[in-house]
Amino acid sequence: MSQDKYPVTTAVRALRAADVAFEPCLYEYVEKGGTRHSSEALGAPHHAVIKTIVMENEARQPLIVLMHGDREISAQALARTLGCKRITPCDPEVANKHTGYLVGGTSPFGTRKPLPVYVESSILALDRIWINGGKRGFLVALAAADLNKVLACQPVQVAVGSS
């Protein structure tokens, strides 16, 4: 599939509706390859490839966290920040149900129902990011500053270590 023939996903429609410029980036999806594989396949900095993680609080209310590809989320720090008892990753089937996307192809744009989105604050300082476009093997590159044109992101500081 060539770069000019990319999937028109719900995420792509959301980006177009918000008038956000993006570059479609296709690569061969590898099960459990994660952001390291996609960054290597696309020649993008691993730190600028952004993971979309669907999590839930103790009341099972879903939320999305955007995190650098080379960092992990401190669920404890996130829970403290949000005033919750605990935050845990959703089971893949539950995440699929909330977003309408398959895990590995989850985009924060155009989710089945609106979900609160929390972004690691240092992501917003990057010039360019690569984030899932709503299908496995498909990222979109865009200006980090454009995230808030599409999403009502709340910045948080919950990154730990490196992956």
Item to check | Heavy-atom side-chain proximity of Lys51 to Arg71 below 4.5 angstrom | outcome: no
Item to check | Minimum-distance pair of heavy atoms, taken over all atoms of Pro7 and Val12 | outcome: O-CG2, 3.6 Å
Item to check | Pairwise side-chain hydrogen bond (donor to acceptor under 3.5 Å, both in side chains) hits with a residue in residues 73-95, at least two apart | outcome: none
Next on the checklist: Which heavy atom of Val150 sits nearest to which heavy atom of Ala14, and what is that distance?
Outcome noted: CG1-O, 4.2 Å
Checklist entry - Would you call the rings of Tyr6 and Phe138 parallel, tilted or perpendicular, where under 30° means parallel and over 60° means perpendicular? => result parallel
Checklist entry - So do the side chains of Arg16 and Phe22 get within less than 4.5 Å of each other, counting heavy atoms only? => result yes
Checklist entry - Side chains of Cys25 and Trp130: closer than 4.5 Å at any heavy-atom pair? => result yes
Next on the checklist: Going by the rule salt bridge (Lys or Arg N to Asp or Glu O under 4.0 Å), which residues pair with Glu120 if we only count those two or more places apart in sequence or in a different chain?
Outcome noted: none
Checklist entry - Just how far is it from atom CD of Gln154 to atom CG of Leu63, taken to the nearest 0.5 Å? => result 10.5 Å
Checklist outcome for this item: Excluding Val94, membership of its hydrophobic cluster (Ile, Leu, Val, Met, Phe, Trp, Tyr; side-chain heavy atoms within less than 4.5 Å) reads none
Checklist entry - Can you tell me how far the CG atom of Leu42 sits from the OH atom of Tyr27, to the nearest 0.5 Å? => result 7.0 Å
Checklist entry - So, for Gly69 and Thr35, which heavy atoms are closest and what is the spacing to 0.1 Å? => result O-OG1, 3.1 Å
Checklist entry - Linking I/L/V/M/F/W/Y whenever any side-chain heavy atoms sit under 4.5 Å apart, do Ile64 and Ile73 land together? => result no
Next on the checklist: Quick check: is Ile131 connected to Met67 through a chain of hydrophobic side chains (ILVMFWY, heavy atoms under 4.5 Å apart)?
Outcome noted: no
All N/O donor-acceptor pairs, side-chain side in residues 102-118, below 3.5 Å, sequence neighbours left out:
unit_1: Thr106; atom_1: OG1; unit_2: Leu102; atom_2: O; d: 3.4
unit_1: Ser107; atom_1: OG; unit_2: Phe109; atom_2: N; d: 3.1
unit_1: Ser107; atom_1: OG; unit_2: Asn132; atom_2: O; d: 2.9
unit_1: Thr111; atom_1: OG1; unit_2: Lys113; atom_2: O; d: 2.8
unit_1: Arg112; atom_1: NH1; unit_2: Lys97; atom_2: O; d: 3.0
unit_1: Lys113; atom_1: NZ; unit_2: His98; atom_2: ND1; d: 3.4

Next on the checklist: Quick test of your reading: applying ring pair (Phe, Tyr, Trp, His ring centres under 6.0 Å), list the pairs with at least one residue in residues 47-66, sequence neighbours left out, ordered by first then second residue.
Outcome noted: His47-His68
Checklist entry - Can you tell me if Asn148 uses its side chain to pair, donor with acceptor, with the backbone of Cys153 under 3.5 Å? => result yes
Checklist entry - Going by heavy atoms in the side chains, are Leu66 and Ile53 under 4.5 Å from each other? => result no
Checklist entry - Residues in salt bridge (Lys or Arg N to Asp or Glu O under 4.0 Å) with Lys149, at least two apart? => result Asp146
Next on the checklist: Check for me, please, whether Leu26 and Val8 land in the same ILVMFWY cluster - side-chain distances under 4.5 Å, paths through other members count.
Outcome noted: yes
Next on the checklist: Please find the pair of heavy atoms, one from Ala95 and one from Val54, that lie closest to each other, and give the distance.
Outcome noted: CB-CB, 3.8 Å
Checklist entry - More than 12 non-hydrogen atoms from neighbouring residues, nucleotides or ligands closer than 6.0 Å to CD on Gln157, yes or no? => result no
Next on the checklist: Which heavy atom of Leu142 sits nearest to which heavy atom of Ala21, and what is that distance?
Outcome noted: CB-O, 3.7 Å
Item to check | Heavy-atom pair of closest approach, residues Glu56 and Cys90 | outcome: OE1-SG, 3.6 Å
Next on the checklist: With heavy-atom distances below 4.5 Å as the criterion, would you say the side chains of Thr99 and Thr52 are in contact?
Outcome noted: no
Checklist entry - Would you say Val156 and Leu124 are hydrophobically clustered, going by side-chain heavy atoms of ILVMFWY under 4.5 Å? => result no
Item to check | Donor-acceptor under 3.5 Å (His37 side chain, Glu28 main chain) | outcome: yes
Checklist entry - Heavy atoms, side chains only, cut-off 4.5 Å: are Glu58 and Cys84 in contact? => result yes
Item to check | Ile50 CD1 to Ser39 OG distance, which is reported to the nearest 0.5 Å | outcome: 11.0 Å
